[in-house]
Colleague: 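There's a structure below that I have some questions on.
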Amino acid sequence: MSRLDPSLLAGLPPFSGMDHDALKDLLVGATPLRHPKGAHIFREGEDAHSFFLLLDGYVRVVKLAPDGEQVIVRFITSGELLGIAKALSRDSYPANAVAAADCVLLSWPSRSWDSIIAVHPGFATNTYAMVGQRLIDTHDKVVELATERVERRVANAVLNLAKTTGKATDEGILIDFLISRQDISEMTGTTLHTVSRLLSSWEAKGWIKSGRQRITLVESQTLKLLATARG
DNA sequence: CCATTAAAGGATT
DNA sequence: AATCCTTTAATGG
């Protein structure tokens with residue numbers, strides 16, 4: 001039996017408002033696991049045997065279009081739940097989850113979902129709040145995809161990545177994991193060539209620094225203007 | 001304005 | 001050496 005410390009969970013949004021004993025109780029059913037960068041944590045359509053908490057690393061949630069094209073639905077950062085099909089009354093995962101960096105997770109059997117939320121109503125409340133926020137984010141993205149031009153979509157994607165994963169460096173805000181132009185194109189509904197051209201032009205203007213699979217925001221304020229200003 | 005195609009060079013394993 | 005990532009240019013919707 002592994003001894004997991006309740007302080008692992010304390011302070012994470014899914015468990016806010018829960019006391020030490022409640023966290024201890026939750027950890028009894030948890031199994032720690034690791035996935036190297038590039039590994040699938042679960043696949044679309046697969047039986048949703050477990051749900052997960054990401055402790056460290058980044059996960060990208062990917063849908064496969066009928067023609068084989070990939071779309072990145074969102075990124076999961078540490079402290080977030082994923083694979084919570086049971087909370088949505090589903091028996092299978094609705095998308096693929098792939099480690100975007102080396103990941104450390106906890107997993108719980110999905111069959112324990114109902115008893116967990118029965119014993120810990122605060123956990124249920126937190127989960128529904130999170131599901132609601134993801135729904136709102138998705139709505140915003142639908143509107144953006146339908147109405148905004150490519151440059152603005154890419155600017156928003158980069159700004160969001162910087163906001164959720166950014167690390168301050170002497171040059172600016174560095175996106176904390178390796179991300180290719182292809183990845184950004186799959187987030188924004190465009191091609192890697194267009195992303196490459198845009199990033200090159202922003203770099204020429206001094207707004208960002210970019211290299212192979214790395215992006216640093218030098219002038220995030222200017223990018224924010226580009227992403228939000230009308231005209 | 002943006003996607004597609006093609007070609008070429010650099011980086012990574 | 002093979003593969004992956006990026007850039008650049010030309011073309012066309």
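Throughout, protein chains are lettered first and strands after them, A, B, ... in sequence-line order, and every chain is numbered starting at 1.
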Colleague: Sugar-phosphate means primed atoms, P, OP1 and OP2; the rest is base. With that split, encode nucleotides 2-13 of chain B 5' to 3' as B, S or - using protein heavy atoms under 4.0 Å.
Modeller: SBBBB---BBS-
Colleague: Answer yes or no: is there a donor N or O on one side and an acceptor on the other, between the side chain of A:N126 and the main chain of A:S16, under 3.5 Å?
Modeller: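 Present.
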Colleague: Determine yes or no for a side-chain-to-main-chain donor-acceptor pair under 3.5 angstrom, with A:K141 supplying the side chain and A:M187 the backbone.
Modeller: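 Judged by distance alone, yes, a pair lies under 3.5 Å.
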Colleague: Do A:W108 side-chain atoms and A:L26 backbone N/O form a donor-acceptor pair below 3.5 Å?
Modeller: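 Yes; judged by distance alone, with no hydrogens or angles, the pair exists.
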Colleague: Kindly state which residues belonging to residues 65-75 of chain A come within less than 4.0 angstrom of DNA chain C, counting heavy atoms of the residue only, listed by number.
Modeller: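 Listed by number, there are none.
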Colleague: So which atom in A:Q213 and which in A:S180 form the shortest heavy-atom distance, rounded to 0.1 Å?
Modeller: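 Result for this residue pair: OE1-CB, 3.9 Å.
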Colleague: If a pair satisfies ring pair (Phe, Tyr, Trp, His ring centres under 6.0 Å) and one of its residues is in residues 147-201 of chain A, list it, with sequence neighbours excluded.
Modeller: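 Every pair satisfying ring pair (Phe, Tyr, Trp, His ring centres under 6.0 Å) with a residue in residues 147-201 of chain A: A:Y58-A:F177, A:F75-A:F177.
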Colleague: Which residue in the set A:E148, A:K224, A:E144 passes side-chain hydrogen bond (donor to acceptor under 3.5 Å, both in side chains) when paired with A:N156?
Modeller: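 Between A:N156 and the candidates, side-chain hydrogen bond (donor to acceptor under 3.5 Å, both in side chains) is satisfied uniquely by A:E144.
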Colleague: What pairs meet the salt bridge (charged side-chain N to carboxylate O under 4.0 Å, His left out) rule with one or both residues in residues 68-84 of chain A, with sequence neighbours excluded?
Modeller: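 Qualifying pairs: A:E80-A:R134.
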Colleague: Check whether any side-chain N or O of A:D19 sits under 3.5 Å from a backbone N or O of A:A22 as a donor-acceptor pair, and report yes or no.
Modeller: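 Side chain of A:D19 to backbone of A:A22: a pair is present.
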Colleague: Checking A:K167 now: which residues fulfil salt bridge (charged side-chain N to carboxylate O under 4.0 Å, His left out) with it, not counting sequence neighbours?
Modeller: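 Partners of A:K167 under the salt bridge (charged side-chain N to carboxylate O under 4.0 Å, His left out) test: A:D176.
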Colleague: Please work out if A:S180 contacts a base, only the sugar-phosphate, or nothing of the nucleic acid, heavy-atom cut-off 4.0 Å.
Modeller: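 The residue A:S180 makes sugar-phosphate contact but no base contact.
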Colleague: Base, sugar-phosphate alone, or nothing: which one does A:L199 contact when heavy atoms must sit under 4.0 Å apart?
Modeller: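 No contact at all - A:L199 keeps every heavy atom at 4.0 Å or more from the nucleic acid.
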Colleague: Do the ring planes of A:F51 and A:W113 sit parallel (below 30°), tilted (30 to 60°) or perpendicular (above 60°)?
Modeller: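 Taking A:W113 first and then A:F51, their aromatic rings stand perpendicular (interplane angle over 60°).
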Colleague: Quick check for you: name the first and last nucleotides of DNA chain C, 5' to 3', having an atom under 4.0 Å from a heavy atom of chain A.
Modeller: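 Result: C:dC4 to C:dA9.
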